[in-house]
Amino acid sequence: MDKFRMMFQFLQSNQESFMNGICGIMALASAQMYSAFEFSCPCMPEYNYTYGIGLLIIPPIWFFMLGFVLNNNVSVLAEEWRRPIGRRKKDPSILRYMFCSITQRSLIAPAVWVSVTLMDGKSFLCAFSVSLDIDKFGNYSLVKGMSETEKIKLLAKIPCKDLFEHQELRVAASRYIKCISQACGWMFLLMMTLTAFLIRAIRPCFTQAAFLKTKYWSHYIDIERKMFDETCKEHAKSFAKVCIHQYFENISGEMRNLHHHHSSKDESDDEDEDKKRSDEDKLLDWRTEVVREG
């Protein structure tokens, strides 16, 4: 537990490491979500393509937007963009560099999802099973006499093991489409790796000043937030101490007032009792004089 706390404090103190850790967690989460996801192709010509392509596109878009939401530099970028121009002018190169950095980190989880999906091949099979040419597999008798609509309905059932009767044809078609899907997956990984390499290699050559400025502001923001948190804690501690002292002073004043009120009440009760006794004595003396005169 102590090691985890120390690691978390280190990530908090270093914004760059913290965001890299968030990107890694999102990448693992995307792979884990796909493995836990229950793939259910509708096996209908009207919905197969939409379902397969939607599974390949919509989750990466969600992961991409989530990457922007979890990145703290988005707020810094917006503040820098909207701040009034004072003595320090706005540098568009720094803003572009920060935006590109945020975008690159946000693309990691979507890239992992697309890669895993293409390597698995289920969504590709669901989306493009209707486009298969059965004649390539040598089963002419299966589609002989079928209309085009019936042939499309038959091909749409290939991803569904329970609905397609001809298992040999289904296995052959599935292997064919999954082979194409995996080839697309490796091409996608190669393209992403090559693009990342070119960005890492070429960007410092053209934007070295912006790179150094952004790095400087990244460290400055980390130190500023750390000092702000420490100052907030000290200020809150001193303010809480003042409030507690005032609270106990008010309590002590109320207790003194209450004690004074009780003592004054007791004195007034004693005075009333003495007055009542004097009135009774006067009444008793008056009765005695009346009896003597009578």
Side-chain angles (χ1 to χ4, degrees), residues 19-20 22-43 45-68 70-71 96-97 99-138 152 155-161 164 169-207:
M19 293 315 305
N20 291 334
I22 290 294
C23 292
I25 291 173
M26 286 182 60
L28 292 175
S30 63
Q32 188 65 27
M33 284 180 64
Y34 183 84
S35 62
F37 177 74
E38 184 178 355
F39 185 86
S40 299
C41 184
C43 294
E46 300 85 1
Y47 303 107
N48 276 20
Y49 183 81
T50 304
Y51 182 82
I53 298 299
L55 185 65
L56 191 64
I57 294 176
I58 294 177
I61 294 175
W62 179 77
F63 277 113
F64 181 72
M65 295 177 65
L66 186 63
F68 270 85
L70 295 178
N71 199 317
R96 286 196 301 268
Y97 186 89
F99 179 77
C100 292
S101 179
I102 294 170
T103 304
Q104 290 172 19
R105 287 190 173 92
S106 300
L107 283 173
I108 294 176
V112 172
W113 178 275
V114 173
S115 302
V116 173
T117 305
L118 289 176
M119 290 298 180
D120 188 53
K122 291 180 181 178
S123 64
F124 214 78
L125 176 62
C126 182
F128 297 102
S129 62
V130 180
S131 304
L132 276 175
D133 186 7
I134 300 183
D135 297 339
K136 291 183 178 180
F137 302 101
I152 291 174
L155 292 174
K157 296 178 181 179
I158 290 178
C160 301
K161 184 177 181 180
F164 199 80
L169 177 62
R170 179 187 174 278
V171 172
S174 299
R175 288 182 177 178
Y176 175 74
I177 295 180
K178 286 185 178 180
C179 177
I180 297 175
S181 178
Q182 290 176 1
C184 293
W186 283 112
M187 290 296 294
F188 176 78
L189 286 175
L190 179 62
M191 182 181 63
M192 293 295 294
T193 305
L194 182 61
T195 304
F197 169 75
L198 292 176
I199 291 173
R200 297 283 292 182
I202 296 175
R203 183 175 60 184
C205 299
F206 295 96
T207 59

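Just so we're clear, the structure is a prediction, and the values are computed from it rather than from any experiment.
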To the nearest 0.5 Å, what is the distance between [atom1] ([X]) and [atom2] ([Y])?
X	Y	atom1	atom2	result
L66	S106	CG	OG	8.5 Å
D120	S115	CG	OG	12.5 Å
M191	T193	CE	OG1	10.0 Å
L125	R170	CG	CZ	7.5 Å

Any sub-3.5 Å donor-acceptor pair from [X]'s side-chain atoms to [Y]'s backbone N or O?
X	Y	answer
W113	I61	no
Y51	C43	no
S181	L118	yes

Just so I know, are the side chains of [X] and [Y] near enough to count as touching, which here means a heavy-atom distance under 4.5 Å?
X	Y	answer
F39	P159	no
F128	L155	no
P42	N48	yes
L189	M119	yes

Please check if the number of heavy atoms outside [X] that lie under 6.0 Å from its [atom1] is greater than 12.
X	atom1	answer
Y49	OH	no
I58	CD1	no
F68	CZ	yes

Checklist line | C41 and C126: CA distance, side-chain angles, deciding distance, disulfide bond (SG atoms under 2.5 Å apart) verdict | finding: CA-CA 6 Å; C41 184; C126 182; 2.1 Å; yes
Note to self: To check you understand the geometry: which heavy-atom pair defines the closest contact between G52 and A127, and what is its length?
What the structure shows: CA-CB, 4.0 Å
Note to self: Determine whether F124 and T117 satisfy the following criterion, side chain to side chain contact (heavy atoms under 4.5 Å, CB included), listing intermediate values before the conclusion.
What the structure shows: CA-CA 8 Å; F124 214 78; T117 305; over 6 Å; no
